[in-house]
Amino acid sequence: MGNNTFGKIFTITTWGESHGPCIGVVVDGAPAGLDVSEDDINIALKKRAPGKTPFTSARVEPDEAQIMSGVFDGKTTGASISIIIQNKDADSSKYESLKDKLRPGHADFTYMKKYKNVDYRGGGRASARETAARVAASVIANKILQKHSIEVHAYLQQVGDIAIDYPYEKYQQATDDAIFCPDHEISLKMQKKIIATKEDGDSIGGVVAFYCKNLPIGLGEPIYQKLEAQLAAAMLCIPASKGFEIGQGFKAAQLHGSEHNDNFIMDDKGISFASNNSGGILGGITTGEPIYGKVAFKPASSIMRTQETVTKDGKQETITLPKGSRHDPCVAIRAVPVVEAMCCIVLADALLQAKSNIL
Ligand SMILES: Cc1cc2nc3c(=O)[nH]c(=O)nc-3n(C[C@H](O)[C@H](O)[C@H](O)COP(=O)(O)O)c2cc1C
């Protein structure tokens, strides 16, 4: 199972399974001299961790990072940074009765066909537990971005059919909301919907919006490394992500050129844009305007309803998750810090690539 590495110059290589002893990440390409501590990483991990509210899975992981290499005296040395996070609250007993059945919506079927020998506990390698390692790595990426005052924010924009306006520049900071939705009233409506869905034994989809600002002009490489293509790849490899758009995205297909074009303005500060429908990227390269986009997440596949399925040896059966199974009723909530993390990783990589472009 190759392809555990993401990025070109700033790269992350994650490893580990949901119910193994630990997961981790190796970060390569980070410049020497960045201030990094385990506390910095733990603050970011807390944001992604489950078990804090009724809106997320009841698995309670302390998520404490251990830096094993690449940091000396609180600063990166330029060597590979290796980070380990222990799995302390994996309950494999719940998976015992399910191990011979294919769970609808999960990766069980494709992993079984492709790899034959599969760690089925908690989804094994396919589990979103892996995204904790991405969040840990993104702390290093963010340190690079901070040197350039670049900010990355994500928020829960939609749950089912309840949505807030978009793009929502003033709503960048939503960290104090239980579900990362920056509009308090809409958040309460979303929360009500999520609880009702959970009580009904079901799950619900959602959309995460991201917003990056203070970008220099010129990040992103042409043709195959266009910045929006890198962002799309980063977002669509988050478990359960099903759609990606940048700028006006799919809405652009309903517009005329006269409505969608971002006209140029010349003033004493130089060239600027009258609007930002492109989402801050033209020809795959940053314009200097904010980058914004959305990622759609499907409803969690684990639901407390009896579903039709087939056993691994081919018998038609039903599957019912055991009482007390722990899962997210709305994956999109916990995907917010992961979307933020993947934005940071893509932009840090783009920044380092841009530096290698022009002498
Ligand atoms: C942060 C996060 C948490 C998730 N939690 C759950 C969960 O509790 N239950 C579930 O069925 N899927 C959950 N998922 C999604 C599954 O991991 C994913 O649907 C599954 O591995 C199959 O992959 P795919 O949907 O990308 O095809 C979560 C995804 C993310 C990003």
Side-chain angles (χ1 to χ4, degrees), residues 1 3 6 14 16-19 23 44-61 63 85 87 89-91 94-95 98 101-115 118-136 138 154-156 159 179-180 194 197-198 201-208 210 232-244 295-305 307 309 319-322 324-343 345:
M1 200 186 288
N3 294 308
F6 186 86
T14 69
E17 288 85 21
S18 180
H19 288 209
I23 56 166
L45 287 175
K46 289 271 166 307
K47 212 173 147 188
R48 195 214 69 102
K52 292 175 302 193
T53 70
F55 313 109
T56 60
S57 163
R59 181 169 170 175
V60 185
E61 285 291 352
D63 276 353
I85 307 160
N87 289 329
D89 190 29
D91 177 7
K94 294 279 182 300
Y95 290 86
L98 306 171
K101 294 180 181 178
L102 298 172
R103 292 171 307 153
H106 283 280
D108 301 353
F109 172 68
T110 45
Y111 271 50
M112 176 190 80
K113 287 284 188 191
K114 192 173 168 84
Y115 301 111
V118 180
D119 179 354
Y120 60 85
R121 302 164 306 161
R125 181 66 181 151
S127 164
R129 180 80 187 126
E130 181 269 346
T131 60
R134 305 188 197 197
V135 170
S138 75
Y155 57 90
L156 187 65
V159 170
I179 57 170
F180 304 122
I194 295 163
T197 302
K198 191 173 155 182
D202 215 341
S203 62
I204 190 154
V207 175
V208 177
F210 58 90
M235 300 308 163
L236 292 175
C237 70
I238 301 174
S241 64
K242 288 287 159 191
F244 170 82
V295 190
F297 287 87
K298 72 182 191 183
S301 307
S302 295
I303 53 173
M304 295 309 282
R305 297 214 183 158
Q307 300 174 88
T309 192
I319 184 166
T320 312
L321 300 185
S325 293
R326 303 176 301 182
H327 44 84
D328 289 292
C330 179
V331 163
I333 301 170
R334 292 192 48 229
V336 169
V338 185
V339 166
E340 223 165 62
M342 293 311 282
C343 276
I345 290 164

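Counting starts at 1 for both ligands and their atoms, in listed order. Numbering starts at 1 and runs along the sequence shown. When reading the values below, keep in mind they use all heavy atoms of this one structure, side chains included, and skip hydrogens, waters and symmetry mates.
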Which atoms from ligand 1 have a heavy atom of H327 less than 4.0 Å away?
7 (C), 8 (O), 9 (N)
Would you say S302 has any N or O atom under 3.5 Å from an N or O of ligand 1, going by distance alone?
yes
Indicate whether the side chain of R48 and that of T56 have a donor and an acceptor atom separated by less than 3.5 Å.
no
Starting from atom 14 (N) of ligand 1, find the nearest protein heavy-atom neighbour and note its residue, name and distance.
V331 CG2, 3.6 Å
With atom 19 (O) of ligand 1 as the reference point, say which of K298, H106, R129 has the nearest heavy atom.
K298
Can an N or O of A240 be found at a distance shorter than 3.5 Å from an N or O of ligand 1?
yes
To which protein heavy atom is atom 22 (C) of ligand 1 closest, and what is the distance rounded to 0.1 Å?
G105 O, 3.9 Å
Can you tell me if S241 uses its side chain to pair, donor with acceptor, with the backbone of M235 under 3.5 Å?
yes
Ignoring hydrogens and geometry beyond distance, is a side-chain donor-acceptor pair present between H327 and S203 at under 3.5 Å?
no
dist S302:OG -> L98:CG (nearest 0.5 Å) comes out at 8.5 Å
N87 side chain vs E17 backbone, donor-acceptor pair below 3.5 Å:
yes
For the backbone of P54 and the side chain of K198, can you confirm whether one donor and one acceptor N or O come within less than 3.5 Å of each other?
yes
Any N or O of D328 that comes nearer than 3.5 Å to an N or O of ligand 1?
yes
Go through ligand 1 atom by atom and flag the ones less than 4.0 Å from a non-hydrogen atom of I238.
31 (C)
Atom indices of ligand 1, in the order listed, that fall short of 4.0 Å to a heavy atom of R334
1 (C), 3 (C)
Any side-chain to backbone donor/acceptor pair from D119 onto R121? Under 3.5 Å, distance only.
yes
At under 4.0 Å between heavy atoms, which part of R326 makes contact with ligand 1: side chain, backbone, both or neither?
neither
Pick whichever of P239, S301, A300, A332 has a heavy atom sitting closest to atom 16 (C) of ligand 1.
P239
Using a strict 4.0 Å threshold on nitrogen-to-oxygen distance, state whether R129 and D63 make a salt bridge.
yes
Under 6.0 Å from the ring centre and within 45 degrees of the ring axis: does the NZ or CZ of K47 meet both conditions for the six-membered ring of F180?
yes
What is the closest protein heavy atom to atom 30 (C) of ligand 1, and at what distance does it sit?
A128 CB, 3.3 Å
Polar-atom distance check: A126 versus ligand 1, any N or O pair below 3.5 Å?
yes
